[in-house]
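Encoded as structure tokens, the structure appears first; notes follow it.
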Protein chains: 2
Amino acid sequence: MADPEYAAFRELVDLSMEELCREQFRDDRERARIKNERIAVRNLVRIFNAALSLSNRKGFAAMSLRELSAEAGLSMGALYNYFASKDQLLAMIQRQGRAVVTRVLESQVEAETGPRPRLRRAIQAHLFLSEALQPWFYFAYMETRHLGRDEHRQAMAAELATETLFVDIIRQGQAQGVFLPMDAELLAGLIKAMLQDWYLKRWKHKRRGVAVERYAALVADLVEARLLTVRPG
Amino acid sequence: MADPEYAAFRELVDLSMEELCREQFRDDRERARIKNERIAVRNLVRIFNAALSLSNRKGFAAMSLRELSAEAGLSMGALYNYFASKDQLLAMIQRQGRAVVTRVLESQVEAETGPRPRLRRAIQAHLFLSEALQPWFYFAYMETRHLGRDEHRQAMAAELATETLFVDIIRQGQAQGVFLPMDAELLAGLIKAMLQDWYLKRWKHKRRGVAVERYAALVADLVEARLLTVRPG
DNA sequence: GTCTATATCTGGATAGAC
DNA sequence: GTCTATCCAGATATAGAC
């Protein structure tokens, strides 16, 4: 369990879009205009999937609600039972994904104790998660700037929270004398950048035939080389 | 000259938008509807700057040509003397920037010989360049997917070309026994990811008060730790 | 070279039948 | 709950005066 494969991870946490949409439905059941959960969830799944697919091809702004209605298999009128405006749809998707990501990441890190396994686990969990929810991660990254002021703030806060997770692990390791001293905040930033590249530049990694497990090991090794300065071999 | 400051670099290569626009004008002087260079360049500068500024706030798709005309200080009609369609404007900006970036990067790397200084110089040059042309780099990254098929191909090719620059340096160092063996392509990819973060997540670095020189040193140190496994201090 | 005015279309959003 | 039909604001692009 110290180094779970991606397949195992994917079963561990239920990451289906359906689960994500069911949460969305339950979160504001009162305000929702559709009362039947089965129907509401089924349609939310269609809408979210269609929105992610179209947006990731052409951008959220360029996606028309007519296209969305066609891809989701619902009429324009029906769509508006699930969100009040295009902007609200954007915010809904962002918020719901963030909740899932935060929850899973934190639980994964807690599963380890020592600084070294914790760091590796955090890196791996982030990559596995972004692999399982790739369309959402890409969407969240590219469309953050189109959020309203408040939602935008929350997105930045979430990004910083993720980094803090890494910062804490690094500082813990430094306090214990396991890791060498260096600016933990900056290193965490670099780690985040490498993790983001995994879902932002998918075509490149696919083209090179790099699997997610290998990428995880690569990043972890690079970071450990700096923090431990082990000699290879 | 081994480790030039950003200020020096900025003087070294002329990176003004004006220079970039003058090239644009000369490149298709025949087809251009405006014949007077002074006027054409002045207006191209206004248009490009306005387009970058607006696009980077709200996205190219969400930027209307009315806004562009207001920000650039030209009427809608006048705009269409400088490009044939909104899509073409997008392609123009992308292409012109790419040309400048490629040229500068390659000349910078050639200025050094040994693998270690070369690697450091390449990292630094990329960061300095993206600092000097920050709006363009951000724009190029975020809007690549909105390009037509051919232009999109060229953008990906340019990205790979930049990485090849790093790959070659790493392989050179490995061949000389200066760098430890490892997959050069993958490491180059990680380097690129860290370099991109500099202009993609500007708010974060600003907030932390990290200057470009410091960031360059940080990335270079991390990479060297892996390739050299030097002991600090 | 630049402007104003306008043709033409497509977008988000809603009303009301079923 | 879902659909069709429609409103109208705002988009790109162009024509023609100056």
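Proteins come first, then strands; the chains are lettered A, B, ... in the order of their sequence lines, and each starts at number 1. Please read all numbers here as calculations on a predicted model, not as lab measurements.
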*Using 4.0 Å as the upper bound for N to carboxylate O, is an ion pair formed by B:Glu185 and A:Arg207?*
no
*Which is it for A:Lys201 and B:Glu159 under the salt bridge (charged side-chain N to carboxylate O under 4.0 Å, His left out) test, yes or no, and what are the steps along the way?*
CA-CA 11 Å; A:Lys201 289 294 165 68; B:Glu159 164 136 15; 2.8 Å; yes
_Spacing between B:Glu67 atom CD and D:dG10 atom C1', to the nearest angstrom_ = 11 Å
*Can you check the A:Arg33 CZ to C:dG16 P distance for me, whole Å?*
14 Å
*With no hydrogens and no angle check, do the side chains of A:Ser53 and A:Arg57 hold a donor and an acceptor under 3.5 Å apart?*
yes
*Report yes or no: does A:Gln94 contribute a side-chain atom to a donor-acceptor pair with the main-chain N or O of A:Ala91 at less than 3.5 Å?*
no
*Grab the NZ-P distance between B:Lys58 and D:dG10 for me, whole Å please.*
12 Å
*Is the B:Phe60-B:His146 ring centre distance short of 6.0 angstrom?*
no
Report, one pair per line, the protein and nucleotides 12-15 of chain C atoms (nitrogen or oxygen only) whose separation is under 3.5 Å.
from: C:dG12; atom 1: OP1; to: A:Met63; atom 2: O; distance (Å): 3.4
from: C:dG12; atom 1: OP1; to: A:Leu65; atom 2: N; distance (Å): 3.4
from: C:dG12; atom 1: OP1; to: A:Lys86; atom 2: NZ; distance (Å): 3.2
from: C:dG12; atom 1: OP2; to: A:Leu65; atom 2: N; distance (Å): 2.6
from: C:dG12; atom 1: N7; to: A:Arg66; atom 2: NH1; distance (Å): 3.1
from: C:dG12; atom 1: O6; to: A:Arg66; atom 2: NH2; distance (Å): 2.8
from: C:dA13; atom 1: OP2; to: A:Tyr80; atom 2: OH; distance (Å): 2.6
from: C:dA13; atom 1: OP2; to: A:Lys86; atom 2: N; distance (Å): 2.9
from: C:dA13; atom 1: O5'; to: A:Tyr80; atom 2: OH; distance (Å): 3.2

*Rounded to whole angstrom units, what separation is found between the CD1 atom of B:Ile34 and the C1' atom of C:dT2?*
9 Å
*Kindly say whether B:Leu52 contributes a backbone atom to a donor-acceptor pair with the side chain of B:Ser55 at under 3.5 angstrom?*
no
_Atom pair distance, as rounded to whole Å: CG in B:Leu90 and P in D:dT12_ = 13 Å
_Atom-pair distance (OH on A:Tyr82; C1' on D:dC3), nearest Å_ = 13 Å
*Check the distance between D:dT12's P and B:Leu89's CG and give it to me in whole angstrom.*
11 Å
*With sequence neighbours left out, what residues match A:Glu71 under side-chain hydrogen bond (donor to acceptor under 3.5 Å, both in side chains)?*
none
*asked:* Tell me whether A:Glu37 is salt-bridged to A:Arg29, with the criterion being a basic N under 4.0 Å from an acidic carboxylate O.
replied: yes
*Interface with DNA chain D, restricted to residues 39-54 of chain B and to heavy atoms under 4.0 Å*: none
